[in-house]
S.K.: 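Okay, handing you the structure first.
Because only heavy atoms are used, hydrogens play no part in the values below, and waters and symmetry mates are left out as well, while side chains stay in. Order of the sequence lines fixes the chain letters, A, B, ..., with proteins taken first and strands second; residue numbering starts at 1 for each chain.
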Amino acid sequence: MPIVQRWIRRLSPKGTSSTKRTRALVRATFALRRASRSAWFMRGRPRSMVPGGSRVKRGGPRRRRHVGGGVLSLAPMTNKGDRVRFAPSPTGYLHIGGVRTALYNWLWARKTSGVFVLRIEDTDRERSTDASVKVIFDSLKWLGLTWDEGPEVGGPNGPYFQTERTAVYAEFVDKLIARGHAYRCYCTKEELDAKRAALPPGSFFRYPGTCRHRTDHPDRPHVVRLKAPASGHTGWLDLVKGRIDVPNESQQDVVLVRADGIPLYNFGAAVDDITMGITLVARGDDHVVNTPVQLLIYEGLGYTPPKLAHLPMINGPDGKKLSKRHAAVSAGEYRDMGYLPDAVLNYLARLGWSHGDQEIFSRSELIEKFDWASVGRTPAQYDAKKFAFVLGAHLRGLDDAALAADARPFLSAELRDAADADGSRYVAAVGTVKTRATTLAEVGDMIDFYFRDTPSEDEKAVAKFLVPASAPHLQALRQVVEGVTPFTRQPLEAAIDAWLAETGLQMKNVAQPARVAMTGRSQSPGLFEVMEVLGRERTLARLDAALTRCGAT
RNA sequence: GGCCCCAUCGUCUAGCGGUUAGGACACUGGCCUCUCACGCCGGUAACUGGGGUUCAAGUCCCCAUGGGGUCACCA
């Protein structure tokens, strides 16, 4: 098949460049979205009914080296109805890596008509806060990553805060102990810390198994530990990484439940995934070390583990862990900067996942095309420039009215009043800066000059162009423009063209002074559209004001 | 250090044993043009190294190197 494709490429005329194809694809994406709101509802349909569906890659494992020998088998990619979950801990902002994890889960749930559950892993009492919980909800809602079961919406498997599920954990920990896969440990944290401290530097502590074989049950505070098997191995066929096997000797008797009865991550996650009927777990690949422990818990409890997918990390531009130092890392920051949610999702989706040569995806296309087989295994680096490109592409794909509505919250109070007072002029203004902005906040900044009584001025531009030599041109331009009716783009252009032809003047000599006169800047949308949006009165007033400046300079 | 994962342009990636190693962002030359964008045409740029397997290896295997993850009564 690849050979055939290569031949087609070879034989096809050089005329259509790939860039051209991509641009066409970008345009088609948005045209489709505009034309058909129903695209939102296509998610449940068979691929054959979906545009481009026949080009969807075949599912299945992509690396031969890992195929075969697994207990778990890769489910066919068309499998319906996975129950997936996103399980953040409310200890701060919602990290962009977490957003991507949530996104992949959400996409998969939507694609397979499955269920996306949100669970709050708040068992770290020290660090969990209600404020962080709210941040998670707000961020997810802003991105449109709505959950089917979880806090606020409820569901049959609640509660969805782990701290409210202690009864469930108590039941399951008893069961695990009864089945001989866990035991009570009476060693205190202080004792263990002392042993840890006594270790020579550079070596690593391992629980010595002190309580592993004791048969008494003193009435003392205790934790519960996993009785990890001493031999054999534990493994699974990861949906993105392929076969992973870990020798059991490398496992420790990790603590499952604290002395206060609150579970630790591994136990809480496993029990909740069991009781919530989760069939596919996708999470960051920093969790692959935890997976064998959870598998052992599943096994010890007698349950079949879910399908597992571990996503590579997102690194900063320097290849190190992405931090505030590199870029905005929380979803909230992106919202505040005026990033379009769909564009954020698009960029994040493409960071670690691909679909042929396509770069720009609408939300519904993401749902339609996402698959685990196309998730990459390599860590990705955050690239602000590419992000900006994706942002711009989505912005340009919006129609003027929609963009104007989205941008409204980012206007200054003064601007917002002006915009509300004349909605159609506001929308027209937005239309003139659409190809120039990448964020909603930028849209606000860029249309500022239309609405202020006197535009804020770029000093250098003024000094360069509003000079005595410009005065005659501006004076003449004023006369030309004054009587044009209607005061719109084409008539204005025609009138000015005629004037230029008559006088032999060059547009480029007239344009910059006029631009600075009307916008205060040396860079702006096209002059004629600026004049149209400004309207006759303001245009003339600004030319007059500039004339004075020219003389005064 | 133990265990685990990863390795194609600067970056995101395509590649499923036979390719002039493709695309995108960025960078860059040009076109369009009243500026800046948008758009259009072009260019620079990659298979970490070494062994195997094979008629043939970016693709399969092994080793090395380099990166990353993790070793808590955090998640």
S.K.: Starting at the 5' end of RNA chain B, which residue's closest nucleotide do you reach first, A:Gln162 or A:Leu351?
M.R.: A:Leu351
S.K.: Would you mind reading off the distance between A:His355 atom NE2 and B:G22 atom C1', rounded to a whole angstrom?
M.R.: 16 Å
S.K.: What is the minimum heavy-atom distance between A:Val467 and A:Ala463, and which atoms define it?
M.R.: CG1-O, 3.3 Å
S.K.: Counting side-chain heavy atoms from CB outward, which of B:C34, B:A75, B:U13 is closest to A:Tyr265?
M.R.: B:A75
S.K.: Counting only Watson-Crick or G-U wobble pairs whose two distances fall under 3.5 Å, which nucleotide matches B:C3?
M.R.: B:G69
S.K.: Could one point to a donor on the side chain of A:Ser89 or the base of B:A75 with an acceptor on the other under 3.5 Å away?
M.R.: no
S.K.: Measure the distance from OH on A:Tyr347 to P on B:C12 and round it to the nearest whole Å.
M.R.: 8 Å
S.K.: Which ones in residues 507-520 of chain A lie close to RNA chain B, meaning a heavy atom under 4.0 Å from one of its atoms?
M.R.: A:Met507, A:Lys508, A:Ala511, A:Gln512, A:Arg515
S.K.: Could you write out each protein N or O paired with an N or O of nucleotides 66-72 of chain B at a distance under 3.5 Å?
M.R.:
residue : atom : partner  : partner atom : Å
B:G68   : OP1  : A:Lys320 : NZ           : 3.4
B:C71   : O2'  : A:Gln252 : NE2          : 3.0

S.K.: Quiz question: going by heavy-atom distance under 3.5 Å, is there a donor-acceptor pair between the base of B:A75 and the side chain of A:Asn290?
M.R.: yes
S.K.: How would you label the contact of A:Gly268 with the nucleic acid (heavy atoms, under 4.0 Å): base, sugar-phosphate, or nothing?
M.R.: nothing
S.K.: Give the rounded distance in Å between these two atoms: CG of A:Asp318 and P of B:G10.
M.R.: 17 Å
S.K.: For B:G18, which nucleotide in any strand shown is its Watson-Crick or wobble partner with both distances under 3.5 Å?
M.R.: B:C55
S.K.: Who does B:C27 pair with, Watson-Crick or G-U, both distances under 3.5 Å?
M.R.: B:G43
S.K.: Any side-chain N or O of A:Thr378 below 4.0 angstrom from OP1/OP2 of B:U13?
M.R.: yes
S.K.: Can you see if the side chain of A:Thr123 gets near the phosphate of B:A75 - specifically, an N or O under 4.0 Å from OP1 or OP2?
M.R.: yes
S.K.: Nearest-Å distance, CZ (A:Phe387) to P (B:C12)?
M.R.: 15 Å
S.K.: Look for any protein N or O under 3.5 Å of an N or O in nucleotides 28-33 of chain B and output each such pair with its distance, or none.
M.R.:
none

S.K.: Does any donor-acceptor pair link the side chain of A:Arg377 with the base of B:C6 at a separation under 3.5 Å?
M.R.: no
S.K.: When you compare B:A57 with B:U19, how far apart are their P atoms, in angstrom units rounded to a whole number?
M.R.: 10 Å
S.K.: It should be established whether A:Arg258 places a side-chain nitrogen or oxygen under 4.0 Å from OP1 or OP2 of nucleotide B:C74.
M.R.: yes
S.K.: Can you find a donor-acceptor pair, distance only, under 3.5 Å between A:Gln358 side chain and B:G23 base?
M.R.: no
